[in-house]
Amino acid sequence: MNFPINSSPHVLPITSVPIIMRHVLYALIPSTIVYVWYFGFGIFINMLIASIAALISEAIMLRIRNRPIKPSLADGSAIVTAILIAFSIPPLAPWWLPVLGASSAIVLAKHLYGGIGANIFNPAMVGYAILLLSFPVQMTHWIPPQIENLGFQNIDLWSTVLYSVTGSLPSNLNLDAITQATPLDIVKGGLKNGISINELRSGPLFSQLGGYGWEWINIFTAFGGVYLLYKGIIRWHIPVSLLTSITIFAALFYLYDPNQNLSPSFHLLSGATVLGAFFIATDPVSAAATNQGRLIYGASIGALTYAIRTWGGYPDGLAFAVLLMNLMVPLIDRFTTPKIYGQQQ
Amino acid sequence: MLKYPLFQSFYGGVHLESHKNTSNHKQIARDFLPSRLIIPMNQQFGSDAIPSVKVGQLIQKGEVIGKPAEKNTTAVHASCSGRVGAIEKHPVPTAGKVSTSTCVIIETNDENNIAAQKPPLFKNHLDKLTAINHAGIVGLGGAAFPTAEKLNRKSSHCEMLILNGAECEPYISCDDLLMQEHATEVLRGALAMMEIVGAELTVVVIEKDKPKAIEAISNAIETIGSKCIRLTDIPTMYPTGGERQLVEALTGKEVPSGKYPIDVGCICQNVGTAYALDCFFQLGEPLINRIVTVTGQGVKNPQNVAVPIGAPIVELIKFCGGYDGEVSQLILGGNMMGYTVDTDQLPVTKSTNCIITTKKATTPKPFEIWPCIRCGECIPVCPVRLLPQQILKAYENKNFEELGKLGLSECIECGCCDVVCPSHIPLVENFRKAKHLRMQEIKSSELSNAAQKRYELKTQRLSSQHANTEKLHADLKESIKESSKNDMIKAAVERSKKRRDKK
């Protein structure tokens with residue numbers, strides 16, 4: 001009998017890239033449901049458009065780069081990027097916003113650097129940054145929570161779809177009337193105009209812990225994150241160090257002057273903090289590799305996010321903090337190499 | 001004594017799905033007698049033994065058929081009685097690959113008397129070690145390192161003998177069964193080893209997934225009543241059974257790169273080796289058979305068999321009921337660190353601890369391989385604390401200097417990184433190729449460095465020679481110039497004198 005020769009180990013791997021991506025998508029389900037509860041079906045439309053755009057861009061780039069198309073399309077990484085972009089753009093957005101975001105993420109941030117595994121920057125955050133810098137108006141037209149008793153004018157699914165496709169609203173709706181700034185935006189602008197935190201937080205967009213609705217989205221995002229930890233898809237180092245560092249900074253400044261600085265709970269539960277900690281900063285390709293390096297990477301993102309939110313020009317600084325730290329990864333990796341067994345340092 | 005906190009932990013490692021219960025529910029089969037033996041002369045580290053029998057000669061079980069070529073190598077014995085059929089080159093599985101070695105082929109007969117069944121007597125320590133070599137005793141954990149050589153480390157003090165019954169490979173159960181059935185003999189062998197190396201303590205290490213072996217050994221320790229033997233059951237974690245990992249786990253010390261456990265005061269011996277040593281000391285029996293786990297989905301009756309060394313694998317499989325349907329792979333050793341062979345016409349050697357017959361392909365198909373996504377899962381599992389993903393990158397870039405810095409040569413090829421890689425990259429395979437390429441690179445760079453040096457020396461020599469000749473020429477010219485000038489003046493003076501004289 002003749003048997004084939006194979007290299008050891010002779011064992012099937014326990015996981016795969018598509019499995020990881022699938023679990024990441026599963027983990028985003030709870031926060032998506034809460035998001036829809038508060039902000040309507042807009043995010044669904046954006047997810048759909050962004051996913052289609054991401055897949056098409058991926059296929060075109062693979063074709064141009066002469067790489068096999070099917071396995072890379074099926075690995076799910078493009079969809080994860082698209083979903084994360086859908087989370088970071090306003091629920092009420094013209095169709096070309098998610099298209100531009102997703103395709104620039106895939107084309108510029110992913111494939112121009114060599115495709116999956118070779119990108120330096122987090123693709124979703126590159127897509128988001130490009131949108132925010134190019135279309136600041138559209139990117140800050142957030143709709144208020146779609147809850148009847150808050151006193152805002154709500155927008156139905158059909159009008160959302162119509163706005164996405166045609167860019168205009170039915171005659172009975174006015175864009176300015178149905179959109180609001182995000183809580184972080186309001187705080188940023190308010191503080192600049194000398195309004196104290198207490199006054200700002202008495203507005204209808206705020207709740208006990210953070211922005212109205214946002215606190216629950218963040219909490220359910222954290223559930224998804226815990227699921228990823230439980231499944232072993234991500235390790236604790238980045239989320240824990242990121243959340244800890246943002247909490248420490250927020251607590252220090254809050255204790256110093258609670259009227260000029262937001263509380264730690266507000267920092268944790270508004271904007272993209274939790275999504276960033278569990279789903280964005282943990283993108284393996286663009287994060288630091290060793291556990292020690294990941295602690296440094298996560299803590300630095302937390303600190304930078306706090307700094308940009310507090311003193312920078314943007315209400316939420318997570319995306320820029322992640323992109324800045326992506327640049328530092330080779331350096332962090334260099335200095336956190338573990339000591340090899342049996343060798344002197 | 002007993003100062004070690006027994007079982008701390010070692011870095012890295014993975015939990016693997018156990019397949020031990022495929023083969024460990026039956027007693028060791030001891031009635032396997034092959035019709036033919038292919039006994040290789042190269043079953044150990046160091047030089048091959050020299051055949052000491054002639055074709056056609058009748059030999060008895062236990063008789064020496066290969067003499068050690070050097071002082072510190074081991075002898076080879078006939079593992080069954082019979083007639084020498086041939087002495088020829090035959091493919092033999094050794095150290096991770098199949099190579100050709102001189103083998104003594106024996107046509108066995110039914111007489112199964114063992115030659116020289118007397119417990120040996122020793123004059124002194126050295127005599128004992130030589131006798132162990134002559135009994136052909138080598139490490140039975142898989143490396144087949146001569147046991148006497150390992151026990152003979154007089155320059156360093158040995159504090160602890162580690163008796164390795166961890167058996168972390170998911171399919172292998174031969175040590176498990178041996179400890180269950182021969183716990184007393186194993187411990188007696190260990191005590192003998194301890195006496196030879198002068199250790200104060202023996203620690204028997206068994207993974208927790210072998211409760212029966214743990215029970216048998218702890219009972220035997222009680223019966224023997226020795227205070228120098230301790231049993232440590234350790235969590236089931238691959239690769240705890242690795243020497244260096246065991247030392248780290250038990251003492252917290254690391255074996256320095258390029259050195260051996262004895263350099264930190266430990267000696268590791270496999271439980272099978274201890275048993276073989278006891279058989280020799282008690283009965284005078286040389287190492288002529290070993291326990292082999294025959295397992296996997298591709299064999300009808302998976303079990304542990306006491307196999308005469310040199311038995312053809314094909315006969316062993318037949319003894320275990322034959323193949324069960326289509327077999328996709330034949331693996332010698334465990335599924336993590338063992339190697340595949342293309343034929344079953346090979347003999348069982350002293351290092352064959354397990355034969356796995358698989359039915360499904362266990363290597364991912366090429367279209368299931370993705371590029372590295374830098375997830376870093378390979379980093380915390382590496383027991384040597386390497387960065388597999390960076391080594392892979394350096395290998396792809398053919399950056400040999402970086403490979404050296406990243407510690408490629410320290411890789412023990414345990415395969416933990418392969419198991420956890422979501423991109424299914426055959427990392428160990430790549431690292432083996434990288435090691436090979438790096439060696440070539442180092443060799444060729446040494447060669448080119450030597451050539452460069454020769455060239456530099458030559459040009460230096462030539463240029464200094466050149467300078468010398470130049471100088472010589474110049475001096476000569478100068479001297480000629482000087483002398484000819486003087487001559488010319490002289491001649492002119494002479495001529496003018498003559499002219500004046502004529503006038």
### Query
Is it the backbone or the side chain of B:Pro380 that comes under 4.5 Å from a heavy atom of chain A, or both, or neither?
side chain
### Message
Any donor-acceptor pair under 3.5 Å linking the side-chain atoms of A:Ser8 with those of B:Arg432?
### Response
yes
### Message
Is B:Gln390 in contact with chain A via its backbone, its side chain, both, or neither, using a 4.5 Å heavy-atom distance?
### Response
side chain
### Query
Under a 4.5 Å cut-off applied to non-hydrogen side-chain atoms, are B:Leu386 and A:Tyr341 in contact?
no
### Message
So which residue, B:Gly407, B:Gly12, B:Gly338, B:Ser423, ends up with the most heavy-atom pairs under 4.5 Å with chain A?
### Response
B:Gly338
#### Entry: Residue selection (most heavy-atom pairs with chain A, distance under 4.5 Å) from B:Pro371, B:Cys382, B:Cys375
B:Cys375
### Query
Do the non-hydrogen side-chain atoms of A:Thr15 and B:Val420 ever get within less than 4.5 Å of each other?
no
### Other residues, nucleotides, ligands: >12 heavy atoms within 6.0 Å of B:Lys300 NZ
yes
#### Entry: B:Arg374/A:Asp283 salt bridge by N-O under 4.0 Å criterion
no
### Task
Count the heavy atoms of every other residue, nucleotide or ligand shown that sit under 6.0 Å from NZ of B:Lys435, and state whether that count exceeds 12.
yes
### Message
Rounded at 0.5 Å granularity, tell me how far OG1 in B:Thr358 sits from CG in A:Leu12.
### Response
10.0 Å
### Task
Compare all side-chain heavy atoms of A:Pro9 with those of B:Met337 and state whether any distance is below 4.5 angstrom.
no
### Task
Heavy-atom distances under 4.5 Å only: say whether A:Ile20 touches chain B with side chain, backbone, both or neither.
side chain
### Task
Kindly give the heavy-atom pair with the smallest separation between B:Asn335 and A:Val11, and that separation in Å.
ND2-CB, 4.1 Å
#### Entry: Contacting moiety of B:Ile356, where chain A heavy atoms sit under 4.5 Å
neither
### Query
Which pair of non-hydrogen atoms, one from A:His10 and one from B:Gly334, has the smallest distance, and what is that distance?
CD2-O, 4.4 Å
### Summary
Honestly, the part of B:Val341 sitting under 4.5 Å from a heavy atom of chain A is backbone
### Query
Does any N or O in the side chain of B:Ser257 come within less than 3.5 Å of the main-chain N or O of A:Gln343, such that one atom is a donor and the other an acceptor?
no
### Query
Measuring heavy-atom distances to chain A, does B:Cys372 have an atom under 4.5 Å in its side chain, in its backbone, in both, or in neither?
backbone
### Message
Within a 6.0 Å radius of atom OH on B:Tyr11, are there more than 12 heavy atoms belonging to other residues, nucleotides or ligands?
### Response
yes
### Query
Is it the side chain or the backbone of B:Pro383 that comes within 4.5 Å of chain A heavy atoms, both, or neither?
backbone
### Message
For A:Arg294 versus B:Gly376, what's the shortest heavy-atom pair and its separation?
### Response
NH2-CA, 3.8 Å
### Summary
Most contact-rich option vs chain A, by heavy-atom pairs under 4.5 angstrom, among B:Val255, B:Val428, B:Val314, B:Ile379, is B:Val255
## Note on the structure
Greatest number of non-hydrogen atom pairs under 4.5 angstrom with chain A, of B:Glu377, B:Gln389, B:Lys393, falls to B:Glu377
### Query
Backbone N or O of A:Lys339 within a donor-acceptor pair of the B:Arg385 side chain at under 3.5 Å?
yes
### Query
Distance from B:Tyr339 atom OH to A:Ile5 atom CD1, nearest 0.5 Å?
10.5 Å
#### Entry: Heavy-atom contact with chain A under 4.5 Å, split by part of B:Glu429
both
### Task
Name the member of B:Leu406, B:Leu16, B:Leu427, B:Leu387 that forms the most heavy-atom pairs with chain A at distances under 4.5 Å.
B:Leu387
### Task
For B:Trp370 and A:Pro71, work out which heavy atoms get closest and say how close.
NE1-O, 3.7 Å
### Query
What's the shortest heavy-atom distance between B:Leu330 and A:Phe3, and which atoms?
CD2-CE1, 3.8 Å
### Query
If every non-hydrogen atom of B:Cys421 is compared with every non-hydrogen atom of A:Pro13, which pair is closest and at what distance?
O-CB, 4.1 Å
